[in-house]
Amino acid sequence: TPPDPGSAGTIFIKFKPVGWSSGDGASHTIWGYELASPFKLFALNYSSTQLFVGWHLGGVDYRININPATGLFSDGVWADWLFEWDGSVPGSSIYRNGSLLGSHSIPASPSIAAPVLGVGNDGTGGTNPAKGDVAEFARWNRLLISGEKNDLFLNGKGPGCILSGLQHWVRILGDASPEPADVGSALTLVGAPAQATHPTVDNCPP
């Protein structure tokens, strides 16, 4: 059970599909905060030909919907995803490899009491698995400025290089098989996933 995502923040994940690409007709949850109902509240989810990211509260849908989402997921190809939100602006935005894909201006704040977070699947039921490799997952309690985004997308830096407001950082290092659990994080590794070779993480070049 991680901390409540809060009224403003940024989530970054480095992800590669394995065995599928856009248009496969299946649903894949890249990350998701849920309550135990289960009821998905806050997630990045690809479903058939659409991409949904954001939150769904009280029957009201505040998610960004990219439709069609063709070409956004390619089997074996890494991509950097960044989602940011601010309930006071209000608004949210989703980026892929530094390019803005979409935004939403409906006021909302993903305040979630005692959520369950899943990285690579839904938070509670474990359904709709991402079916891919994850290099890292990070959440800040603020919006990143443009230079910090460029550090992630263009300059080869990891979340550990941007410590201000960093609330939750899970490094999946890809240096052992099965993949070791990240001691001290709020997440528990499920199963014994094999080592996945992926881009360098925890790297702060000058």
Side-chain angles (χ1 to χ4, degrees), residues 1-18 20 26-48 50-65 73 79-87 92-94 104 106 108-143 159-160 165-174 178-194 196 201:
T1 302
D4 186 309
S7 60
T10 302
I11 286 178
F12 174 82
I13 189 168
K14 191 181 291 286
F15 176 75
K16 177 181 74 174
V18 174
W20 64 278
S27 182
H28 304 273
T29 300
I30 314 304
W31 53 260
Y33 288 83
E34 288 188 288
L35 294 181
S37 3
F39 177 50
K40 190 183 302 175
L41 288 174
F42 187 37
L44 173 62
N45 177 264
Y46 172 79
S47 180
S48 188
Q50 300 182 67
L51 178 70
F52 298 93
V53 59
W55 50 96
H56 194 289
L57 299 172
V60 181
D61 194 346
Y62 295 109
R63 297 175 297 177
I64 298 170
N65 181 6
F73 295 92
D80 292 338
W81 294 87
L82 186 146
F83 178 66
E84 61 183 8
W85 69 95
D86 190 338
S92 60
S93 301
I94 178 70
H104 204 312
I106 293 179
S109 170
S111 179
I112 306 171
V116 178
L117 168 64
V119 176
N121 59 21
D122 293 345
T124 55
T127 56
N128 301 324
K131 294 184 178 178
D133 293 335
V134 177
E136 55 191 338
F137 174 89
R139 180 180 63 81
W140 292 262
N141 63 2
R142 63 179 180 88
L143 274 64
L166 184 60
Q167 302 294 300
H168 192 189
W169 178 30
V170 181
R171 297 166 292 172
I172 303 176
L173 299 176
E179 193 73 53
D182 186 17
V183 177
S185 78
L187 295 173
T188 300
L189 195 70
V190 176
V201 299

If I compare all heavy atoms of [X] with all of [Y], which pair ends up nearest, and what's the gap?
X    : Y    : result
L166 : P159 : CD2-O, 3.8 Å
A43  : T29  : CB-CG2, 4.5 Å
W169 : A138 : CD1-CB, 4.0 Å
T10  : R142 : OG1-O, 2.8 Å
D86  : L143 : CB-CD1, 3.8 Å
P129 : N121 : CA-CB, 4.1 Å

| task | Just jot down the ring-ring contact (aromatic ring centres under 6.0 Å, His included) partners of F12, sequence neighbours excluded, or say none. | result |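 With sequence neighbours excluded, F12 shows a ring-ring contact (aromatic ring centres under 6.0 Å, His included) to no residue whatsoever.
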
| message | The criterion is side chain to side chain contact (heavy atoms under 4.5 Å, CB included); which residues satisfy it with D133, sequence neighbours excluded? | response |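 Counting only residues at least two positions away or on another chain, D133 forms a side chain to side chain contact (heavy atoms under 4.5 Å, CB included) with K16, V18, W78, A196.
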
| said: Using modelled atom types and a 3.5 Å cut-off, is there a donor and acceptor pairing between side-chain atoms of Q167 and backbone atoms of G165? | reply: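 Indeed, once roles are kept as given, a pair shorter than 3.5 Å links the two residues.
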
| task | Have a look at W81 and tell me which of Y46, W31, F73, F15 forms a ring-ring contact (aromatic ring centres under 6.0 Å, His included) with it. | result |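 Passing option: F73.
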
| message | Under the ring-ring contact (aromatic ring centres under 6.0 Å, His included) test against Y33, which residue among F137, F83, F42 passes? | response |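 Considering F137, F83, F42, a ring-ring contact (aromatic ring centres under 6.0 Å, His included) with Y33 is found only for F42.
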
Measure the shortest side-chain to side-chain distance between [X] and [Y] over non-hydrogen atoms and say whether it is less than 4.5 angstrom.
X    : Y    : answer
W85  : I11  : yes
R63  : N65  : no
V119 : V170 : no

| message | Check the orientation of W20 and H28. Use parallel for under 30°, tilted for 30 to 60°, and perpendicular for over 60°. | response |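 Ring orientation of W20 relative to H28: parallel.
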
Once you round to the nearest 0.5 Å, how far does [atom1] of [X] lie from [atom2] of [Y]?
X   : Y   : atom1 : atom2 : answer
S93 : L82 : OG    : CG    : 9.5 Å
S92 : Y62 : OG    : OH    : 11.5 Å
I13 : D80 : CD1   : CG    : 10.0 Å

